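Below is one structure; the comments refer to it alone.
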Amino acid sequence: LLISTTASAYDFTVGGIYYNITDATNKKVAVTYNVQYSASYSGAVTIPAQVSNGGNTYSVTSIGDWAFGTSSSLTSITIPNSVTSIGDYAFFACSGLTSIIIPNAVTSIGGYAFSSCYGLTSVTIPNGITSINGSTFSACSGLVSVTIPNTVTSIGANAFANCNSLTSVTIPNSVTSIGYGAFSDCGGLTSITIPNSVISIGNYAFSYCSSLTSITIPSLVTSIGQSTFYSCNGLTSLTLPSSVTSIGQSAFDGCSGLTSLTLPSSVTSIGINAFQNCSGLTSVALPNSVTSIGDNAFRSCSGLTSIRIPSSVTAIGEGTFYSCNGLTSINIPSSITSIGSFAFSNCSNLQSVTIPSSVTSIGDNVFLNCTNLQYVAVSWTTPLTINANVFEGVTISNVNLYVPAGKEATYDATAVWTDFIISAAPSVFAKVKALLKGPLSTTTMSTTLNTSNLIPLTQPYSGAPWNYTGTTTESV
């Protein structure tokens, strides 16, 4: 004999509200649902502080997981001060809910608790909350303001993701961490203040915040994570502190509004795709502290007109400057030993390239379709062996190749190089004009030069008319 039974999702119901007994001894109950994932509640609901059943009076101390979840017809909710916790998905997809007052007695709010409450326009998080859990207010597309108290220390993953109507957020100086995707896809967000208390910002934290125009990273942050500001195409101003040592993969990918970039001297690594598609970027100042630049780091930065690769870098990765159409010349430092495939491909305005003898490998299609290339200067005494596709799409028979003097015949006998217009590298002369501000009398230096040809050839300048026993260092 098989007997089918259906377990009740609640212990009792009073006034159309379902309850579970959570503590029989201390007479505590939680608000729950009738059928999970079913729209059990509608209209205006007031939760009482106490409820009686079976001769017992219970305190309502919590709102359980999924209690009001998917109740799209729920328009308002009154929560008593007796409630201290709101469970996961408690009000998930209550799209008709326009406002809510969370009492100060509440000390925890679960993940997705108010997620997809499209009609919710404002929320004040009570002072008892110390952390905003994952996706708590995600996809609240009507939310225009949120008040975060200074008791909060962490903002969880996707906490406010897809809150498209949110225009500004002030994060209190109690917060130390901002989680993965916390404000991702907040397309209306134009400003956000990140306090100096923040020490970590998660991956994708502000990705797709297309209206964000400026951001200042606090001084305790040491790394910018993967895709943190991905596709923030309204971002025009960026301030990075000297505490930052690494910029993660795709951190600023698609930030097409950025026009200039100065990295602090603390930065040692730039990740894969870090500044890819920053088409408005015209100049980049890379400090000598940078030792690695990831593949495609500046790919499709079409507005970039100049780049100085610091001598601390030893390799140029694959596609690093792919389709940087604004580049006209590139001088590769002598620290570089390898150039990855497609590194300068489709740099259609590139005219001149200088490659040092330190380079021992050049990948495929490095200069693919660099159709305006006019000059290539190399320093190898023995020509480096390269594949024919390194200069694919370039009419190299029209390109001048400058080689070490006396090595013209050697290059002319080497595959690929032989197709260039080969000549010896020209000598370089520098004209230096020096202004002498002598002679010196006590602490005053005359602006009239000595007319008696008594300029000393060596230090010290103790003879007349210089009368100067010290030394001086000048930079040119």
Side-chain angles (χ1 to χ4, degrees), residues 224 226-227 229-230 245-256 258 260-263 267-356 358-373 376-378 384 386-387 389-394:
I224 309 297
Q226 180 178 342
S227 301
F229 297 96
Y230 184 93
T245 59
S246 65
I247 297 174
Q249 179 176 336
S250 299
F252 297 94
D253 190 346
C255 293
S256 55
L258 275 179
S260 65
L261 177 68
T262 301
L263 300 181
V267 173
T268 59
S269 66
I270 299 172
I272 296 171
N273 307 111
F275 295 96
Q276 181 176 243
N277 295 316
C278 292
S279 55
L281 202 59
T282 58
S283 64
V284 177
L286 300 179
N288 288 328
S289 56
V290 173
T291 57
S292 67
I293 301 175
D295 296 346
N296 301 302
F298 295 94
R299 183 184 177 118
S300 298
C301 291
S302 55
L304 195 61
T305 57
S306 65
I307 185 75
R308 174 191 165 273
I309 302 172
S311 58
S312 48
V313 175
T314 58
I316 298 174
E318 294 186 9
T320 300
F321 299 99
Y322 186 103
S323 285
C324 290
N325 298 324
L327 284 178
T328 57
S329 66
I330 191 76
N331 188 6
I332 299 170
S334 58
S335 58
I336 298 295
T337 60
S338 65
I339 303 173
S341 300
F342 298 93
F344 298 95
S345 289
N346 291 326
C347 292
S348 57
N349 288 307
L350 189 63
Q351 298 177 18
S352 65
V353 177
T354 301
I355 306 173
S358 58
V359 173
T360 58
S361 70
I362 297 178
D364 292 339
N365 298 290
V366 167
F367 298 102
L368 171 71
N369 293 330
C370 293
T371 52
N372 276 312
L373 195 61
V376 177
V378 297
L384 184 69
I386 61 173
N387 290 331
N389 64 15
V390 167
F391 293 95
E392 187 77 27
V394 180

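For clarity, every value in this text was computed on a predicted model and none was experimentally measured.
- For Ala377, the side-chain contact (heavy atoms from CB on, under 4.5 Å) partners at least two apart in sequence or on another chain are Thr354, Tyr402.
- The heavy-atom pair separating Ser300 from Asn277 by the smallest distance is CB-OD1, 3.3 Å.
- Residue pairs meeting the side chain to side chain donor-acceptor pair (under 3.5 Å) criterion with at least one partner in residues 302-324, sequence neighbours excluded, are Asn288-Arg308, Tyr322-Asn346.
- Residues Leu350 and Phe367 meet the side-chain proximity criterion, which asks for heavy atoms closer than 4.5 Å.
- Residues forming a ring-ring contact (aromatic ring centres under 6.0 Å, His included) with Tyr230 (at least two apart in sequence, or on another chain): Tyr208.
- With hydrogens and angles disregarded, a donor-acceptor distance shorter than 3.5 Å links the side chain of Ser335 to the backbone of Val313.
- Partners of Phe275 by ring-ring contact (aromatic ring centres under 6.0 Å, His included), not counting sequence neighbours, listed by chain and number: Phe252, Phe298.
- Proximity of Val378 to Val359: side-chain heavy atoms (C-beta onward) are nowhere separated by under 4.5 Å.
- For the side chain to side chain donor-acceptor pair (under 3.5 Å) condition, the pairs that include at least one residue of residues 358-368, sequence neighbours left out, are Asp364-Asn387.
- Leu263 is listed as a side-chain neighbour of Ile247, based on a closest heavy-atom distance under 4.5 Å.
- The side chain to side chain donor-acceptor pair (under 3.5 Å) search around Asn296 returns Arg299, not counting sequence neighbours.
- Within the 4.5 Å cutoff, the side chain of Ile330 has heavy atoms near those of the Ile307 side chain.
- Annotation for Ser269 and Ser246: closest pair OG-CB, 3.3 Å, computed over non-hydrogen atoms.
- In this structure the side chain of Ile309 reaches within 4.5 angstrom of the side chain of Phe321, judged on heavy atoms.
- In this structure, Asn372 contributes its side chain and Ser348 its backbone to a donor-acceptor pair below 3.5 Å.
- Contact check for Leu384 versus Ile355: no side-chain heavy atoms found under the 4.5 Å cut-off.
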